[in-house]
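First up is the structure itself, then whatever we jot down about it.
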Amino acid sequence: MIEYAKQCVEQDDLEGVINALKSPMLTQGPLTGVFEDGLCRRTGANQACVVSSATAALHVACLALGVTQGDIVWTSPISFVASANAARYCGANVDFVDIDQGTLNICPLALKQKMRHASELGDLPKVLILVHMGGQPTHLQEISEICKHYGVKVVEDASHALGARYGATLIGDCFYSDLTVFSFHAIKIITTGEGGAICSKDPLLVERARLFRSHGITRDPERMVFAQGDPWYYEQLELGFNYRMTEIQAALGIAQLEKLEKFIKKRRKIAKAYNEAFVDLPIEMPIETAGSRSAYHLYIIKTKDVVERRALYDFCLDKAIRLNVHYYPIHLQPYYRNQGFKVGDFPVSEEVYGRIISLPMYAGLSGQDQSRVIDVIQEFYR
Ligand SMILES: *Cc1c(COP(=O)(O)O)cnc(C)c1O
C-alpha cells in the first residue's frame with residue numbers, strides 16, 4: 001500500500017535517539033536547547049521554544065499573546081481542527097475567514113471586508129491564526145498590512161511549511177507576524193514523533209511561551225515575586241502546563257533538521273514530476289505563487305466535483321494507493337456547529353472541500369512508487 005504520507009527515519013536519526021537515551025537527562029534538557037538553536041538557524045527566527053506538539057504550541061502562542069475569555073480569534077476553515085481549538089482552550093470565541101480557492105489559504109480580500117465590518121461593529125479579533133496550507137505560504141504581506149491597520153496580532157500556523165519561503169523571508173523568521181508555530185508530528189516535514197515549536201523575533205513573547213510550557217514556573221530570581229535565595233526555590237507565576245519536549249524527541253529533531261533541505265528538495269522534485277505528468281488531465285494542480293517557495297507538505301489536486309473525487313479515491317485504493325483529504329471545513333464539525341456555525345457560512349471553503357484530494361507526497365517516496373501513482377491516475381482519467 002502506498003500511503004499519502006510517511007515519515008523518513010534513517011540510521012543517523014536512530015543513533016541520535018540512542019545517545020539521548022543514554023544521557024543523564026531524559027526530559028527537557030540540553031538537547032532541547034540545541035534543537036531550538038538549530039531551528040533558529042534554519043528559519044531565521046530570533047528565538048524558538050520547542051514543545052510537545054503544534055497543538056500545544058498554538059495554545060501557548062495564544063496564551064503568550066494574552067488571549068482570554070471574551071476575546072475573538074479568527075482562522076481558516078480549511079485547516080486541521082487544532083488551528084481553531086487553541087483559541088477555545090483560552091476561552092476565546094472562534095470565527096473564520098473564507099479562503100482563496102487557488103491557494104486554499106485565507107483570502108486577503110475576504111479578510112479586508114470582514115475586518116472592516118468587524119471594526120464597525122466593534123468586535124475585532126485579538127489574533128488571526130493563518131495557515132500555510134500544504135506548505136504554500138499565505139499572502140503574508142497583504143494580510144499583515146490589514147492586521148496592522150486594525151491592531152490584530154498574527155500567528156502563522158506553519159505546521160505544513162517548515163523550509164518554505166515567502167519573497168526574501170523564511171517561514172519562521174516572523175517578518176510578517178508575531179509568532180510562528182511548527183509541527184513535528186510523524187508525517188510533517190521533519191518529525192520528533194510528536195512535537196512542535198513557537199518561533200518569534202520578540203524575546204519577551206518566547207519567554208512567556210517558555211513559562212506556559214512548564215507549569216508557569218520560573219527558577220530565575222530576577223522574575224520572582226518573593227525571591228528567597230534558597231537554591232531549591234522556584235515560583236509559579238502563571239497557570240501553565242506540562243508541554244515540555246523530551247530529550248529523546250529533541251535528539252530525533254536535531255538529526256532530522258540536518259536533512260531539512262534534502263527533504264524539501266525531494267518533495268519539490270516529486271511535485272515537479274506530478275505537475276509534468278498531469279498537464280493534459282482535467283485536474284487543477286497546486287499553486288505556487290510567484291516569489292514563494294512551497295515546502296510541499298501536501299500535494300493537493302482539485303477534481304471536477306465531489307463524485308469524481310470519491311471515484312478517484314476508490315479507484316486508487318483498489319490499486320493499493322491510499323489518498324486522503326485535507327480538510328473537512330472546521331466550522332462544519334459538530335463541535336463548531338454547536339457554536340452556531342452552519343452550512344453556507346464559508347461558501348468557497350465548502351465548495352472547494354468537495355473537490356480536493358491529497359496525493360502521496362513524502363521525502364521517502366521512491367521514483368518507482370511515484371510512477372505507479374502517476375500511471376493509476378492517468379488510467380483513471382483515460
Ligand atoms: C498537524 C497540524 C497541527 C497540529 O499539529 P500536532 O503537532 O499534531 O499537534 C496544527 N495545524 C495544522 C495545520 C496541522 O497540519
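When a ligand or atom number is given, it counts from 1 through the structure's own listing order. Residue indices begin at 1 and follow the sequence shown.
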| field | Parallel, tilted or perpendicular: rings of Tyr243 and His59 (30°, 60°) | value | perpendicular
| said: I'd like to know whether the aromatic ring centres of Tyr299 and Tyr362 sit less than 6.0 Å apart in this structure. | reply: no
| query | Have Thr103 and Gln136 got a donor and an acceptor in their side chains that come within less than 3.5 Å? | reply | no
| said: Before we go on, tell me: are the rings of His139 and Tyr166 under 6.0 Å apart, centre to centre? | reply: no
Go ahead and list the nitrogen or oxygen contacts between ligand 1 and the protein that come in under 3.5 Å, distances to 0.1 Å, or just say none.
{"residue": "ligand 1", "atom": "5 (O)", "partner": "Ser183", "partner atom": "OG", "Å": "3.4"}
{"residue": "ligand 1", "atom": "7 (O)", "partner": "Ala54", "partner atom": "N", "Å": "2.9"}
{"residue": "ligand 1", "atom": "7 (O)", "partner": "Ser183", "partner atom": "OG", "Å": "2.8"}
{"residue": "ligand 1", "atom": "9 (O)", "partner": "Ala54", "partner atom": "N", "Å": "3.3"}
{"residue": "ligand 1", "atom": "9 (O)", "partner": "Thr55", "partner atom": "N", "Å": "2.9"}
{"residue": "ligand 1", "atom": "9 (O)", "partner": "Thr55", "partner atom": "OG1", "Å": "2.5"}
{"residue": "ligand 1", "atom": "11 (N)", "partner": "Asp157", "partner atom": "OD2", "Å": "2.7"}
{"residue": "ligand 1", "atom": "11 (N)", "partner": "Ser159", "partner atom": "OG", "Å": "3.4"}
{"residue": "ligand 1", "atom": "15 (O)", "partner": "His160", "partner atom": "NE2", "Å": "2.7"}
{"residue": "ligand 1", "atom": "15 (O)", "partner": "Lys188", "partner atom": "NZ", "Å": "3.0"}
{"residue": "ligand 1", "atom": "15 (O)", "partner": "Tyr327", "partner atom": "OH", "Å": "3.2"}

| said: Quick test of your reading of the model: are Arg310 and Asp314 salt-bridged, counting only N-O distances below 4.0 Å? | reply: yes
| Stepwise ring pair (Phe, Tyr, Trp, His ring centres under 6.0 Å) check, Phe341 with Phe96 | CA-CA 10 Å; Phe341 295 100; Phe96 302 90; 5.1 Å; yes
